[in-house]
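Sequential numbering from 1 along the given sequence is applied to the chain's residues.
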Amino acid sequence: MPRPLDPLRSFKVKTGLLVVAALFFASLTFWVTARWPFRYALVLALLVSLAVTQILAHGMTSPLRAMTAAARAMATGDYSRRVRSTSRDEIGELARAFNQMAEDLEAADRYRRELIGNVSHELRTPISALQALLENVVDGVEEPDPARMRVALDQTERLGRLVAELLDLSRVEGGAVQLERENFPVREFLEDVVRQSEDPRRPRRVTVDVQPPHLRADADTARLHQVVTNLVDNAFRHGPARTRVVVRARPDAGGVIIEVEDDGPGIAPGERSRVFERFTRGGSTDGGTGLGLAIARWAVDLHDGRIEVVDTAEGCCIRVSLPAA
């Protein structure tokens with residue numbers, strides 16, 4: 001049905017025009033039927049005014065009916081309904097706000113479903129491996145020697161890493177993390193991060209290169225620690241057994257650029273835009289959760305910075321650009 005009053009910006013003006021139109025057509029009907037008996041002219045005038053009111057009021061209130069139907073559909077889990085919002089008055093603004101809310105709810109519901117599915121998948125693998133190992137040990141099929149206990153410990157560490165990253169992700173989604181900036185020497189910070197990420201059981205070759213040597217930065221060290229740790233872990237996880245990682249830092253327009261480069265297989269150009277998405281592992285089956293780079297991107301975004309995969313002759317290089325505070 002047509003909505004002739006949509007161009008008007010005020011619902012009160014529309015209501016006034018509705019009353020004026022009903023009176024005008026009722027009076028016009030009286031004038032046309034002046035020679036009719038009064039009761040017939042009155043009945044016809046009422047019918048005409050009711051028809052005019054119905055036509056105009058239907059277009060004014062149709063967004064409200066559409067929102068009611070959409071809200072009922074949302075209550076059953078259907079977030080795909082949208083409201084036609086051609087009106088320019090307060091109801092039109094309400095319809096547009098309703099559509100935006102429906103889109104946000106649909107995105108949140110889709111994310112929730114994907115998160116549940118991904119987390120279930122991530123948890124199932126280490127739990128199944130632990131269960132199979134322990135069943136074999138209990139049944140006497142295998143002996144609880146150090147090698148098998150190492151497998152169990154690796155799976156337990158993987159579970160702990162996943163839980164920790166999910167907790168970080170929940171803080172991200174809840175917006176519960178605030179920046180606490182401080183000025184610090186970059187070389188000492190990076191060397192400390194590398195030292196804390198070392199595992200005596202798995203020696204790593206990491207080189208820290210900071211130019212100039214006394215470079216300082218202004219950032220949240222806890223959040224930046226997450227970024228560098230995740231990038232270094234990611235480099236060793238995806239690189240060969242004897243991979244060598246270089247962590248570089250240099251000034252940039254009052255800010256700082258940090259690069260983590262390895263000599264591994266690298267990332268295909270078509271995958272570079274996706275590696276920072278949640279649960280994206282680029283086809284890897286090395287035990288990673290696919291959350292590390294997503295958390296790194298979140299921490300960089302908190303600093304209004306940028307994280308990206310840059311071209312290198314070989315291997316992979318991820319660059320973090322942090323602007324001046």
About how many Å separate [atom2] of [Y] and [atom1] of [X], when rounded to the nearest 0.5 Å?
X	Y	atom1	atom2	value
His303	Ser321	NE2	OG	13.0 Å
Arg223	Leu322	CZ	CG	13.5 Å
Leu293	Trp298	CG	CH2	14.5 Å
Leu64	Phe98	CG	CZ	11.0 Å
Asn234	Ile318	CG	CD1	5.5 Å

Donor on one side chain, acceptor on other, [X] and [Y], under 3.5 Å:
X	Y	result
Asn99	Glu103	no
Asp263	Thr243	yes
Asp78	Ser80	yes
Arg244	Thr207	yes
Thr221	His225	no

_Tell me if the CZ atom of Arg82 is crowded by more than 12 foreign heavy atoms within 6.0 Å._
yes
*Within a radius of less than 6.0 Å around CZ of Arg306, do more than 12 heavy atoms belonging to other residues, nucleotides or ligands occur?*
no
_The criterion is salt bridge (Lys or Arg N to Asp or Glu O under 4.0 Å); which residues satisfy it with Glu135, sequence neighbours excluded?_
none
Any non-hydrogen side-chain atom of [X] less than 4.5 Å from a side-chain atom of [Y]?
X	Y	value
Val210	Val247	no
Phe236	Val206	yes
Arg248	Ile258	no

Taking only distance into account, with no hydrogens and no angle test, what donor-acceptor pairs under 3.5 Å do side-chain atoms of residues 184-191 form with protein atoms, sequence neighbours excluded?
unit_1, atom_1, unit_2, atom_2, d
Arg187, NH1, Glu191, OE2, 3.3

*side chain to side chain contact (heavy atoms under 4.5 Å, CB included) evaluation trace for Asp218 with Glu182*: CA-CA 5 Å; Asp218 193 297; Glu182 60 180 288; over 6 Å; no
_Taking the basic N atoms (NZ, or NE/NH1/NH2) and the acidic carboxylate oxygens, is any pair closer than 4.0 Å for Glu259 and Arg250?_
yes
